[in-house]
Q: 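Following this message is one structure expressed as structure tokens.
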Amino acid sequence: MLKSHHCGALRRDHVGEHVSLAGWVHRRRDHGNLIFIDLRDRFGITQLVFNPDHSADAHQIASQLRNEYVIRALGLVRARPEGMRNADMATGDVEVVIDQVEILNEAREPVFHISRESDVDEALRLRYRYLDLRRPRMQRNLVLRHKVTRFMREYLSERDFLEIETPILIKSTPEGARDYVVPSRLHPGKFYALPQSPQQLKQLLMVSGFERYFQIARCFRDEDQRADRQPEFTQLDLEMSFVEREDVLQLLEGLLTELVPAVSDKRVLQSPFPRFTHTEALALYGSDKPDIRYGMLLTDLSDLVADSGFRVFQQTIEAGGQVKAIRAPGCADYTRRQIEELTELAKEHGAQGLVTIQMRDKGPHSSIARFLAEAEMTAILERMGAETGDLLLIVADEAPVVAQVLGQLRLVMGKRLELADDDVLAFAWITDFPLLEWNVDEERFEAVHHPFTAPFDEDLELLESDPGLVRAKAYDIVANGYEIGGGSIRIHRREVQSRLFAAIGMTDEETRAQFGHLLEAFEYGAPPHGGIAAGLARLVMLLAGEPNIREVMAFPKTQSAVDLMTDAPSPVSARQLDELHIRIQD
RNA sequence: GGAGGCGUAGUGUAGUGGUCUAACACGUCGGCCUGUCAAGCCGAAGAUCGCGGGUUCGAGUCCCGUCGCUUCCGCCA
């Protein structure tokens, strides 16, 4: 080893020891004669002192040191003089007087500050990611990520789970996201796909009798990016045999409840986690991934305004729609312009308009006040619990539009009013999703979750008669408004699986070609099984308090799925294309 | 595919039609400096204002296009 200690190690106890340290020059303070170097490695920073009276040679070399040079230094640990200790540094009680120093490697001037937590253009950070990763933020986040995966591995291993790797080159399937495909050299015109998740493989492992499987699994989906979505991402993927929904929920709930305090300063809002059916979540929060750190729930006013003098309300309800509202405390003084902005937002999300009631000192103020009977207004205010200073936002439309619009307005107002506690992780389960939904474009039903999800036993008969009403044994785990994971109890009987494929309009021939291996496996004694997959980076992002997933990934891609550091994707040679039997069309 | 935001020395910003011959901080380079820790003081270098076109007597500033990054919608079984 080139170092006897790391740069975060030395304390008062080490005074008098001769040590060797190695790392990067974090900062230098050159007084001409006396030179101080803050030496950094992964573990911390230690102050080196170069005094020409102590070692003229070392001092001479030190005067040539620049930021980010890699050096090794040997010297004596000394207590810092009284009054010169640095309480902000872990090693601030001591310093190392250097008698010998060696430059292991010089460094060009970094393109941005390593030693300052200043914001830097993200494209530049990604272009020079190896430098960005030296900075405290990324070091901290990747250490956290390691702690999370380590905790998961230990927690699951202790509970008889086996970590089993599944292939990255697999068969493309038609359902779901767009596949990343890989051409085959040995089989002209044929392609592998990268897994969107190891879904079928882990189910086959259950057929194999492993009973409890998990994997920190890399997944790939060729869809457009978001702050919480990358083209390749990591899931904690797990599957269990001979279980019911409750077993899976309790396992993951236990894992997360213990994980959070073990790796972070965050607090779990509530455990056991609250549960909402899909219908309840949409009704209360206007979202299937609600942020339950604060209230501002959607309140139904439909019954109060069914005969309203405001014809829009009346007509909406006659047509089977809803009138619902949220209450934003302290926003009664919004200007016409601010109200206009909210209205625009509502329209962007599909609303025809937005009705507001401003609870001013003189009384409620609303553009539709003159259409409402006094009793009607009173009833609305009472149900909303409206107080002076509040702003009520009311939307009238079909139920899905109301949920979408008020759900978004709730998020916007919650953010403005800073209602969410940043130190809290508010997990919740969303259950009882519909199994199938009608795809208007393709004029067929398709799986909401995936086609291996088991229907409710009591809904089985509806699979042929009224597929849209079948409920699924599926569940999502959400936290702070993000979908952290999802899973289900699977279909394990061939007959049910065939009926499901029929319900989503797949012919026997298609079924055999795409999923024959799975259906066949089910004929050899498949146990009842189910599982869940959780997005690792989304979870770490929340634990780290970061605004996007890239901050917890070592080498993320841009929104356009480009790696700015390596410049992938890039062209390949004509020879490579030839071998792969591929011709590029312009 | 669509909508919004951003793009000015190495980095972060200021500059909203006229001494902008582009400013400030940090960084860099040089000088001075034996107790600093965002060291200090003095000095210097460093910018075709993302790129292309247009309007104008005059464009970093206004308009159009384009590229890059980003947020959102669509998409994400």
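So you know, we letter chains A, B, ... as the sequences are listed, proteins then strands, and number each from 1.
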Q: To the nearest Å, how far apart are A:Asp132 CG and B:rC69 C1'?
A: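 So the CG-C1' distance, A:Asp132 to B:rC69, works out to 14 Å.
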
Q: Which base sits across from B:rA59 as a Watson-Crick or G-U pair, both distances under 3.5 Å?
A: none

Q: Checking base pairs now: Watson-Crick or wobble, both atom distances under 3.5 Å. What partners B:rG35?
A: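 Base partner found: none.
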
Q: Can you tell me the base-pairing partner of B:rC69? Count Watson-Crick or G-U wobble geometry only, both distances below 3.5 Å, and say none if there is no partner.
A: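 In the structure as shown, B:rC69 has B:rG5 as its Watson-Crick or wobble partner.
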
Q: Salt bridge check, A:Lys557 against A:Asp563: does any charged N sit closer than 4.0 Å to a carboxylate O?
A: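 A salt bridge is absent here (no side-chain N lies under 4.0 Å from a carboxylate O).
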
Q: State, yes or no, whether a side-chain contact exists between A:His31 and A:Phe36 at a heavy-atom distance under 4.5 Å.
A: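 Side chain of A:His31 against side chain of A:Phe36, heavy atoms only: contact under 4.5 Å found.
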
Q: Report, as a single string ordered 5' to 3', how protein heavy atoms within less than 4.0 Å touch nucleotides 4-12 of chain B: B base, S sugar-phosphate only, - not at all.
A: ------BSS

Q: For A:Lys557 and A:Arg229, find the nucleotide of RNA chain B closest to each by heavy atoms; which residue's nucleotide sits nearer the 5' end?
A: A:Lys557

Q: Given the C1' atoms of B:rA25 and B:rC64, what is the spacing between them in whole Å?
A: 36 Å

Q: Return yes if a side-chain donor-acceptor contact under 3.5 Å exists between A:Asn141 and A:Glu551, otherwise no.
A: no

Q: On a heavy-atom basis, which atom in A:Trp429 and which in A:Ile477 lie closest, and how many Å separate them?
A: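 Distance-wise, the nearest heavy atoms are CZ3-CB, 3.6 Å.
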
Q: Using a 4.0 Å cut-off on protein heavy atoms (strictly under), produce a 5'-to-3' string for nucleotides 36-44 of chain B with B for base contact, S for backbone-only sugar-phosphate contact, and - for none.
A: BBBB-----

Q: When the P atoms of B:rA14 and B:rA39 are considered, how many whole Å apart are they?
A: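 Between the two P atoms, the distance is 25 Å.
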
Q: If you measure from the C1' atom in B:rC6 to the same atom in B:rU56, how many Å do you get, rounded?
A: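 It comes out at 27 Å once rounded to the nearest Å.
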
Q: Can a side-chain donor-acceptor contact be found between A:Gln225 and A:Arg550 if the only test is distance below 3.5 angstrom?
A: no

Q: Which residue lies toward the 5' end of RNA chain B, A:Pro547 or A:Arg221, if each is placed at its nearest nucleotide?
A: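 Final value for this comparison: A:Pro547.
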
Q: Going by atom types alone, do A:Gln215 and A:Thr166 pair a side-chain donor with an acceptor below 3.5 Å?
A: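 Present: a donor and an acceptor within the cut-off.
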
Q: Using a heavy-atom cut-off of 4.0 Å across all strands, would you classify A:Arg550 as base, sugar-phosphate, or nothing?
A: sugar-phosphate

Q: For residues 44-92 of chain A, pull every pair meeting ring-ring contact (aromatic ring centres under 6.0 Å, His included), keeping only residues two or more places apart or in separate chains.
A: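 Of all non-adjacent pairs touching residues 44-92 of chain A, none passes ring-ring contact (aromatic ring centres under 6.0 Å, His included).
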
Q: Grab the NE2-C1' distance between A:His26 and B:rG27 for me, whole Å please.
A: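 The distance from NE2 of A:His26 to C1' of B:rG27 comes to 14 Å, rounded to the nearest Å.
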
Q: Separation of A:Gln408 atom CD from B:rA3 atom P, in whole Å?
A: 20 Å

Q: Is A:Arg490 touching bases, backbone alone, or none of the nucleic acid, heavy atoms closer than 4.0 Å?
A: nothing

Q: Under 4.0 Å between any heavy atoms, over every strand shown, what does A:Val49 touch: base, sugar-phosphate, or nothing? Just pick one.
A: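 Contact class for A:Val49: none.
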
Q: Taking atom types as they are modelled, is there a donor-acceptor pair under 3.5 Å from the base of B:rG74 to the side chain of A:Asp224?
A: yes

Q: When rounded to the nearest Å, what value does the distance between P atoms of B:rU71 and B:rU19 take?
A: 38 Å

Q: Give me the distance, rounded to whole Å, that separates B:rA9 from B:rA47 when you measure between the P atoms they each carry.
A: 10 Å

Q: Can you find a donor-acceptor N/O pair under 3.5 angstrom joining the side chain of A:Arg66 to the base of B:rG27?
A: no

Q: May I ask you to check whether A:Tyr482 and A:Asp291 show a side-chain donor-acceptor distance below 3.5 Å?
A: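 Judged by distance alone, the side chains do not pair up.
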
Q: Given B:rG27, is OP1 or OP2 found less than 4.0 Å from the side-chain N or O atoms of A:Asn67?
A: no

Q: Using atom C1' in both nucleotides, what's the gap between B:rA44 and B:rU61 to the nearest angstrom?
A: 30 Å

Q: Considering Watson-Crick and G-U wobble pairs with both distances under 3.5 Å, what does B:rC75 pair with?
A: none

Q: May I ask you to say what A:Ser197 touches in the nucleic acid, namely base, sugar-phosphate or nothing, with a heavy-atom cut-off under 4.0 Å?
A: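 Base: the residue A:Ser197, judged by heavy atoms under 4.0 Å, touches a nucleobase.
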
Q: Are a donor atom and an acceptor atom from the side chains of A:Gln352 and A:Asp397 found within less than 3.5 Å of each other?
A: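 No pair is found: no donor N or O on one side chain lies under 3.5 Å from an acceptor on the other.
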
Q: Could you check how far CE of A:Met565 sits from P of B:rC69, rounded to whole Å?
A: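 Checked: the CE to P distance equals 15 Å.
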
Q: Pick the P atom in B:rG74 and in B:rG65, then give their distance to the nearest Å.
A: 25 Å

Q: Which whole number of Å gives the distance between the P atom of B:rG30 and that of B:rG12?
A: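 Approximately 25 Å lies between the P atom of B:rG30 and that of B:rG12.
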
Q: Rounded to the nearest angstrom, tell me the gap between atom CG in A:Asp563 and atom P in B:rC69.
A: 11 Å

Q: What is the distance, rounded to the nearest whole Å, between atom CD of A:Glu344 and atom P of B:rC73?
A: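 Going from A:Glu344 (CD) to B:rC73 (P), I get 17 Å.
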
Q: Just name whichever nucleotide pairs with B:rG46, Watson-Crick or G-U, keeping both distances under 3.5 Å, else none.
A: none

Q: Which heavy-atom pair separates A:Leu298 from A:Arg410 by the least distance, and what is that distance?
A: CD1-CD, 4.3 Å

Q: Whole angstrom is fine here: how far is it from CD in A:Glu551 over to C1' in B:rU70?
A: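 Nearest whole value for this atom pair: 12 Å.
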
Q: Closest approach of A:Leu436 and A:Pro467, non-hydrogen atoms and distance?
A: CD1-CB, 3.7 Å

Q: Rounded to whole Å, how long is the line connecting atom CD of A:Gln225 with atom P of B:rU70?
A: 9 Å

Q: Are side-chain N/O atoms of A:His26 and A:Glu68 paired as donor and acceptor at under 3.5 Å?
A: no

Q: Should B:rC20 form a Watson-Crick or G-U wobble pair with both distances under 3.5 Å, which nucleotide is its partner?
A: none

